[in-house]
Each structure stands twice: as structure tokens, then as C-alpha cells.
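A quick note: this is a predicted structure, and the numbers were derived from the prediction, not measured. Every chain is numbered from 1 and lettered A, B, ... according to where its sequence line falls, protein lines coming before strand lines.
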Amino acid sequence: MSETVAPSPSSPEVHYDVHAVEEKWLPVWEELDPFRARDEVVRSGEREKRYALTMFPYPSGDLHMGHAEVFAIHDVISRYWRLRGHEVLNPMGWDSFGLPAENAAIRNDEHPATYTYANIETQYASMKRYGVSFDWSRRLHTSDPEYYRWTQWLFLKFREQGLAYRKNSPVNWCPNDQTVLANEQVLADGTCERCGAEVTKRELTQWYFKTTQYAQELLDCLDDLQPTWIDKVVNAQRNWIGRSEGAHVSFAVEGHEPLTVFTTRPDTLWGATFMVVAADAKLATELVSEEQRAALEEYQTDVRKASDIDRLATDRPKTGVFLGVHATNPVSGEQVPVWASDYVLADYGTGAIMAVPAHDQRDLDFARAMDLPVRRVVDTGEENPEESGVATTGNGAYVNSGPLDGLSDKVEGIRHVIALLEADNQGSGTVNFRLRDWLLSRQRYWGAPIPIIHCPVDGEVPVPEDQLPVELPELRGADLKPKGSSPLGAAREWVEVSCPTCGGPAERDTDTMDTFVDSSWYFFRYLSSHDATQAFDPELAKAWGPIDLYIGGDEHAVLHLLYARFFTKVLRDLGLIDWDEPFSSYLSQGKVINNGRKMSKSLGNGVNLGEKLEEFGVDAIRLTLVFASPPEDNIDWADVSPAGAARFLQRAWRLSGDVTSAAGTDPSGGDVALRKVTHKTVNEAAQLLDSYRFNVVVARTMELVNATRKAIDSGAGPADPAVREAAEVVAILLSMVAPYTAEEMWERLGHQPSVAQASWPTVEPALLVDEAVTAVVQIQGKVRGRLEVSPDISEADLEAAALADPAVIKALEGREVRKVVVRAPKLVNIVV
RNA sequence: GCCCCGGUAGCCCAACGGCAGAGGCGAUGCUCUCAAACAGCAUUCAGUGUGAGUUCGAAUCUCACCCGGGGCACCA
């Protein structure tokens with residue numbers, strides 16, 4: 001029971017009991033079921049579709065303040081669209097595969113499903129009480145065999161297209177979780193994004209999705225998304241994809257294949273005084289001379305000892321070893337030594353570079369450390385890098401550069417050299433991406449098994465589609481302990497199968513898929529949650545897609561959002577959908593923090609959602625979170641006032657009890673001043689909602705409540721039809737944020753439930769126009785007077801009126817008017 | 001180092017290039033009360049991070065810098 005809003009026994013009409021109201025309306029909504037999305041209504045074109053989506057949660061414990069915020073924001077937009085007469089698809093489900101359940105299972109000696117599905121039920125009950133307008137008939141869980149059957153099916157489709165493949169390479173390994181990680185799951189400081197352990201490297205054969213095949217398109221489409229996506233997410237994705245233009249250049253090496261490098265500065269080719277290959281790349285081992293082999297191996301041992309964290313320090317001294325071979329510069333014929341170093345990365349470009357110390361700081365540092373020559377080929381007018389130790393990267397006159405001498409523009413120089421190389425077949429212009437292929441194998445249990453059988457005769461054999469899903473074997477407790485290889489390997493009776501092709505003995509793949517695979521396509525499954533014959537119905541995808549608004553946390557700015565975009569493009573190329581991007585607009589909600597800090601157990605500053613709901617009620621918490629700030633900003637719990645929100649809701653509710661006119665009363669004869677406020681509020685609210693400025697909508701609603709209160713107490717009076725009209729608009733506006741209070745108001749105003757089935761109020765344009773507006777008269781841009789004028793006054797009349805205003809005349813005394821700027825009907829600026 | 005976003009009252013936040021303040025929180029005073037809580041009424045506080053520029057006019061556009069947040073980073 002709330003202390004702040006408890007019903008006062010002496011004045012029962014002043015308060016309502018928030019919890020009693022919650023109990024009252026939940027079963028009514030259950031009965032009316034107003035939120036079910038109707039496929040047929042959209043397919044027939046009867047109503048325009050809207051697909052509202054919020055990132056589905058991982059079922060760890062109960063909902064917290066962050067969920068409360070995102071659901072509150074999400075519900076405003078989906079309820080708004082419904083009021084506007086759209087057919088709204090608003091589904092919810094659970095991203096229910098993943099490590100926490102597995103770790104809990106080991107701890108408690110149980111099956112991961114126990115933890116998972118118990119938490120799902122807890123969260124489900126909380127979401128219901130929270131009053132979010134989800135269409136529960138489409139509910140899904142990614143850990144259900146009916147779901148992961150189609151995850152596996154998609155994997156096989158990807159593989160058929162050559163987009164899923166296996167390769168052996170050094171991969172990120174989390175020693176704590178005992179599994180490999182995608183690049184995206186390793187933080188910038190070299191630690192695991194899940195558990196914080198320092199990530200190491202391992203050489204393993206793993207499954208990959210060929211995300212790089214779509215790198216250019218993933219980048220290009222960002223231009224179209226820019227206006228409707230939040231800037232920082234677009235920026236993060238651009239950086240992550242990391243396109244750079246340059247050239248491949250081949251250097252001949254005696255007794256070997258030519259050494260090809262990627263460079264963004266082919267125009268500095270004449271300044272290449274040595275080559276460097278990545279010390280940990282196969283290339284280094286292949287190239288090294290017999291005399292230098294021992295030295296290289298010693299160096300490689302040293303490099304392996306250095307952790308990723310050491311390697312990330314960009315200012316540490318350069319190290320390396322000479323490989324005992326030389327390469328031939330394709331344009332000058334010059335012989336340059338080939339070195340190995342750990343400052344060159346094995347998995348970017350070709351794993352080898354041409355070093356131009358005069359014009360690249362890293363190469364210069366290396367040249368100085370190893371006493372290698374520095375040759376300036378671009379004279380930028382700055383000090384010679386050989387003396388200064390500072391590489392120059394700007395434009396300048398080319399020197400010592402053969403055909404480039406005489407040029408002085410970088411773009412032109414690069415174009416010239418590429419043409420030269422292409423003519424001689426010694427290189428070509430190319431584009432390189434920072435984005436790598438997506439490593440999807442995981443050596444853990446609680447995920448979708450990779451539907452491949454390894455046969456000694458037939459190699460990798462896909463599990464036939466009619467045998468999907470490949471269900472997880474029953475493992476629990478200690479069976480799941482991380483041991484460096486997949487726990488599935490221990491389930492021998494599950495692993496050992498006969499080959500679908502030859503019938504001979506074979507083994508299942510024992511890895512499971514990264515859970516990001518599950519969440520890359522769930523928004524398609526919502527269209528056909530219960531379809532046992534296909535992943536989703538392409539006709540429904542056509543009808544409902546793409547998603548009109550996606551809301552989520554920006555911790556997924558690169559991971560999930562990029563993967564989901566990749567999946568969408570592949571599904572398009574498979575012919576299953578006909579659009580290119582899954583999310584027409586994207587909004588990332590801020591975090592809920594407390595006292596300037598992230599809420600955490602260790603800081604002891606957590607705010608418990610359940611307690612706050614108990615104390616203030618669902619509506620007040622929703623209102624608090626929507627009103628606190630623009631949706632993308634962080635909310636500091638210390639700055640908000642749920643008690644203030646509760647107070648406002650009570651004040652709004654009281655309006656509905658004060659109205660004395662009958663439901664259905666024609667408002668046209670009502671108080672014009674109040675009617676204008678009402679209609680302007682509706683008009684502006686629509687614009688604000690269309691641009692997701694929910695906090696301002698709440699402020700406008702508060703203004704309308706204040707104006708209505710004033711009209712009742714000291715204006716038109718409670719019987720005026722305008723008061724009823726205003727109170728009804730308040731109920732409808734509030735229904736998006738505070739559905740319980742709004743429902744209660746709607747009923748007290750004499751309407752049938754539910755207010756969720758009401759329509760957006762019609763704005764009368766005549767009421768948006770004022771009879772008189774205040775025109776401001778400025779002198780030199782400073783306000784010197786005000787005039788009440790008609791809104792359609794002519795510029796000439798307004799100018800005359802302004803110059804005739806006594807205050808203006810006084811202010812202008814003794815000064816010469818040089819110019820008058822008139823912006824009817826709002827402003828006159830007199831320049832003297 | 002490169003790339004994005006932001007900086008408005010004590011606080012959270014509004015403001016088509018045109019009156020800096022819509023709303024809320026807080027504080028203060030008053031009303032109600034035996035008193036308090038609740039509620040109601042009223043008052044309070046900035047010239048928009050800094051410096052230039054464009055303009056009749058800049059919180060708003062441009063540039064530079066400062067501060068804060070985020071992304072990328074030995075990526076050639």
C-alpha cells in the first residue's frame with residue numbers, strides 16, 4: 001500500500017487506490033484482448049501496418065529498471081500507433097539460450113532449462129502487470145526446439161550459399177568461459193565482454209559466417225539509415241566495418257611466391273625501404289631463410305608470451321627480426337629487406353606491409369629501432385622525418401618518385417600509381433575492411449547444436465532437413481562443466497550417428513551456435529511463431545516488414561544490430577523477403593543510473609523495480625521514466641520524482657470525477673479558450689510522438705491538466721462541454737503512458753472500456769488559429785514593445801502599427817530609421 | 001591519434017534563425033490541520049561552456065578551442 005497516495009478516508013473523491021485499480025483492469029484487458037495483431041487486416045489493406053519491436057530480454061532473474069524504461073517508451077509508441085488507427089504488431093519473447101543458465105545449472109546440479117524457464121515465467125508475470133500492450137499470442141523462446149529447429153535450418157541455408165564455412169585460424173579464447181569468442185565480443189581492452197577475463201588466442205577449426213561478403217552493402221545502407229537511426233550507432237557501425245581504400249602491391253621474392261601487401265598510400269611506393277610481415281602469420285615461417293629460422297622462432301615465442309593487453313599499448317618500443325630475404329620493389333626494382341614484427345597484424349589486409357618510414361609513424365619508429373634507411377618521397381615543407389623522427393602524412397611535392405615527380409596531390413598520385421601497377425600486372429586498386437567474418441562456434445551446451453555430421457568418408461554432411469531439429473542431449477549439473485571442448489562431446493550416444501550419405505559411422509558436430517545467431521532472426525519468427533512448416537511466412541514478411549521502430553540498448557550498437565542486418569540481407573538474397581534493411585528506424589534508450597553511477601550490487605546503489613512498483617504503482621513508474629528525459633539520454637534515479645508523477649496522475653484522475661456533463665455531449669458550444677488549449681495539445685502531441693519526443697508529450701499533457709483544472713475551478717465550470725472534451729483528451733493521452741489511470745478516467749467519464757480501443761482525437765483546424773497574436777517590436781534586435789494584432793495582418797500594416805507605437809516612438813527619438821524588417825504577424829525589427 | 005554526439009536556472013529538461021522558459025524536481029512562504037502527512041496556492045533562480053564569424057536578429061548556422069559521453073585504434 002502506498003504511503004504517498006493512500007486514499008484519504010475523509011475525502012474518498014480525492015484519491016484512487018493505485019493497486020486496486022491495477023487489480024481491477026488486468027482481467028478486463030485479458031478479456032478484451034485489444035492488442036492482438038491481425039494478419040488479415042494488414043493483408044487486406046484495411047489498416048496500415050506498424051511493426052514495433054523492442055529487444056527481447058535474456059531471462060536472468062526478474063525485470064529491472066532498465067527493462068521498465070524501455071518497455072515504457074516502447075509502449076507509448078505502439079499505443080500511439082494503435083490510437084492512430086494502425087494495425088500494430090507488438091510481439092515479445094525471450095532470448096533464452098546462453099551462459100548464465102548453464103553456469104546456474106552447474107552450480108545447482110540441474111538442467112539449464114530449469115533456471116531459464118522459471119525466470120521466463122517470472123518476467124512474463126512482471127511484464128503483464130507492467131501493462132505493456134504486447135501481443136502475447138506470438139510469444140517465443142529461442143531455446144525451444146520449435147524455434148532452434150529453424151535456426152539450424154537457416155544455418156544450412158547459409159551453408160548452401162557458401163556463407164557458412166569452417167576454417168582453422170587463431171581465435172579469441174576466453175579462459176574463464178572456456179569458449180571461443182567473436183571479435184565483437186572482445187572489448188577494446190582485450191577482455192571478454194561477458195565475464196571480463198583476459199582473452200587469449202588459440203588455433204582452432206571453427207565455423208564462420210561470411211559477413212565480409214556483405215561489408216560494402218552493410219556500409220552503404222548506413223547512409224539511408226542515418227536520418228532515422230541514432231547517430232552514434234551509425235557511427236559505431238561505420239567504424240566497426242572500417243572501410244579503407246588503397247591498393248594491393250606485389251613484391252617479387254626470390255624462390256617464393258610474390259609478397260603482396262595492402263597499402264592506403266601506394267603513391268609512397270618509392271619510399272618503401274623495407275617490408276614487414278606479421279610475426280605470427282604463416283607467411284613469416286614460409287619466407288624465412290634457413291640462417292634466420294632460429295631467430296624468428298625465438299622472436300615468435302617472445303611475441304606469444306606478450307598478452308593482447310601488452311600489444312594494445314601503441315607506444316611500446318618496436319621489436320622484430322630480419323627474415324634473411326629481400327623483395328623487389330615493382331616500380332624501382334630496388335631490393336629491400338623483409339622483416340617480421342608484431343606491429344603488423346596477421347588478420348588484416350594480407351598480413352604484410354611495405355614500410356615507408358618517412359610517411360608512416362609506425363614504420364619510422366621501426367626503422368629507427370632497427371637502423372633501417374628512411375627516404376622522403378613527399379616534401380610537405382615540414383622537417384625531414386629522417387631528422388625529426390616525425391613521419392609526414394600530408395600533401396606535398398613528390399621527390400625521388402620517378403613518374404610522380406612534379407605532382408603534388410595525394411589523390412592524383414595514388415591514382416597514377418595504381419594505373420601504373422595495373423598496367424604491369426603488379427598490383428591493383430582495392431578496398432579493405434576492418435570487419436572480419438563472424439565466428440559462430442561455441443564450446444558450450446546451452447545453445448543451438450550445429451546441424452552437421454562429420455563423416456570420415458563424406459566429410460561435412462548437413463543433417464537432412466526432415467531430421468531437424470537436432471535436439472540437445474539431456475545433460476545437467478557437472479556434465480556441463482567447462483573443459484575446453486564442448487560438453488556435447490561427452491554425450492557419446494548423441495554424438496555417434498550414422499552418416500546420412502553413406503550410412504557409415506560418423507559423429508555430430510559438438511559445438512553450439514553463438515546466441516547472437518538466435519537473435520539475428522527472431523523478428524522474422526514473430527510473424528509465424530507457431531508455424532511448424534517454415535521459419536516464417538514470406539507473405540507475412542511482405543505484409544508486416546520491415547520493422548518501423550526498433551528500440552534497444554546501445555550496448556548492441558555493433559553486435560546484434562550488425563548481425564541482424566547481415567541476416568536480413570542474406571534472407572533477401574535467399575528470396576525469402578523483399579526488403580534490404582530490417583529496422584526502418586532505431587532508437588537506443590539510455591541507461592537508468594543512480595547518483596551518477598551505474599547501478600550495481602558492489603556499489604550498493606541498486607534501485608529495485610518491484611519495490612518501486614509497490615510503492616508508487618505501475619503508472620507512476622512508467623510516467624517517471626518516460627518524462628525524465630529524451631528517451632536516448634540516461635536517467636539518473638536521483639534526479640527523478642516518482643512521487644511527483646503519482647501526484648500528477650491523481651490530479652489528472654480527479655478531472656474525470658469533476659466533469660458533470662454527460663458522455664457524448666457536443667463540445668462545439670464549449671469554452672473556446674479551453675478548447676483551443678485542448679486542440680493545440682492534441683496537434684502538438686502528434687508531432688512530438690512522430691519524432692519520439694515522449695518527455696515533451698508528457699509536459700504538454702501536464703499543461704492541459706493544469707488548464708482544465710483552472711477552467712473547472714475558476715473558469716467555465718465543471719458542466720462546460722469543453723471541460724469534458726479536455727478530460728477525455730487527457731485520458732487518451734495518458735493511456736499511452738499510464739494505462740491504468742487512463743482506463744479509470746475513461747470509465748468515470750462514462751465510456752465503455754477500453755480506452756486502448758479509443759481513437760486519436762480529431763483536431764479542429766479552426767481552433768488552432770488565434771484571433772490575436774502578440775507581435776514583438778525590436779530595435780536593433782532588442783525587444784522594445786509588443787502589439788496585439790490579427791494573425792493575418794499585412795506586413796505594411798504591421799510596420800505602420802509598430803512605428804506608431806508610443807514606446808517605439810520614444811525609443812526612436814533622435815535616431816534615424818535605416819531599415820525595417822517585418823515578419824508578419826510575429827515580429828518587427830527596426831534598424832537605426 | 002581519427003570519427004560521432006552533447007554542454008540552457010540548484011537539478012532533470014523545453015524553446016520553426018525572431019519575446020530565453022513549456023513542464024517537472026528542489027527550495028522558500030502561505031492556505032488547510034490541534035499538529036503533521038496529503039493536498040492546494042504563490043514565489044524563487046540562468047542569458048544558453050569559451051572566443052570569433054555570418055545575419056536586421058544566433059541557444060539555434062559556420063569555424064576554433066575547453067569540458068563531458070561514445071565508437072575505432074600499431075587496421076598499414
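- Ion pairing between A:K680 and A:D770 holds under the 4.0 Å rule for side-chain N and carboxylate O.
- Here A:Y343 does not reach the OP1 or OP2 of B:A76: none of its side-chain N or O atoms lies under 4.0 Å away.
- Backbone-only contact: A:N695 has heavy atoms under 4.0 Å from sugar-phosphate atoms and none from a base.
- Below the 3.5 angstrom threshold, one finds no donor paired with an acceptor across the side chain of A:N634 and the base of B:G69.
- Ion pairing between a basic and an acidic side chain is recognised when a charged N comes within 4.0 Å of a carboxylate O; A:R784 and A:D805 show no such pairing.
- Of the nucleotides present, B:C72 is the one that pairs with B:G1 by Watson-Crick or G-U wobble criteria, both distances under 3.5 Å.
- A donor-acceptor contact under 3.5 Å links the side chain of A:Q778 to the base of B:G18.
- When the side-chain nitrogen and oxygen atoms of A:R647 are compared with OP1 and OP2 of B:A39, one or more of them lie within a distance under 4.0 Å.
- When heavy atoms are screened at a 4.0 angstrom cut-off, A:D639 is found touching the sugar-phosphate backbone but no base atom.
- Across all strands, A:A236 comes closer than 4.0 Å only to sugar-phosphate atoms, never to a base (heavy-atom distances).
- A:V783 comes within contact range of the sugar-phosphate backbone alone, with a heavy-atom separation under 4.0 Å but no base atom that close.
- Within 3.5 Å, no donor on the side chain of A:N239 pairs with an acceptor on the base of B:C72, nor the reverse.
- Comparing A:T350 and A:Q237 along RNA chain B, the residue whose closest nucleotide (by nearest heavy atom) sits nearer the 5' end is A:Q237.
- At a threshold of 4.0 Å, the pair A:K318-A:D363 does not count as salt-bridged, since none of the basic side-chain nitrogens sits closer than that to a carboxylate oxygen.
- Backbone-only contact: A:R651 has heavy atoms under 4.0 Å from sugar-phosphate atoms and none from a base.
- Nucleotide B:G57 forms a pair with no other nucleotide shown, judged by Watson-Crick or G-U wobble geometry with both contacts under 3.5 Å.
- Contact annotation for A:S244: backbone-only contact, meaning every heavy-atom pair under 4.0 Å involves sugar-phosphate atoms and none involves a base.
- Nucleic acid contact for A:D363: none, since no nucleic acid atom lies under 4.0 Å from a heavy atom of the residue.
- Glycosidic conformation of B:G47 is syn; the angle stays within 90° of 0.
- Under the Watson-Crick or G-U wobble criterion, with both distances below 3.5 Å, B:A64 is paired with B:U50.
- A:H359 and A:T392 share a side-chain donor-acceptor pair at under 3.5 Å.
- Residue contacts for A:R784: at a heavy-atom cut-off of 4.0 Å it reaches no nucleic acid atom on any strand shown.
- If you check every strand for non-hydrogen atoms under 4.0 Å, A:D554 touches nothing.
- Base pairing annotation: B:G40 forms a Watson-Crick or G-U wobble pair with B:C30, both donor-acceptor distances under 3.5 Å.
- In this structure, B:A35 makes no Watson-Crick or G-U wobble pair, since no nucleotide meets both defining distances under 3.5 angstrom.
- The side chain of A:A699 lies closest to B:G23 when the candidates are B:G18, B:G23, B:A76.
- OP1 or OP2 of B:C56 sits under 4.0 Å from a side-chain N or O of A:K819.
- Searching all strands for a Watson-Crick or G-U wobble partner of B:C45 with both distances below 3.5 Å returns nothing.
- Residues A:R709 and A:D713 are paired through a salt bridge, judged by an N-O separation under 4.0 Å between the basic side chain and the carboxylate.
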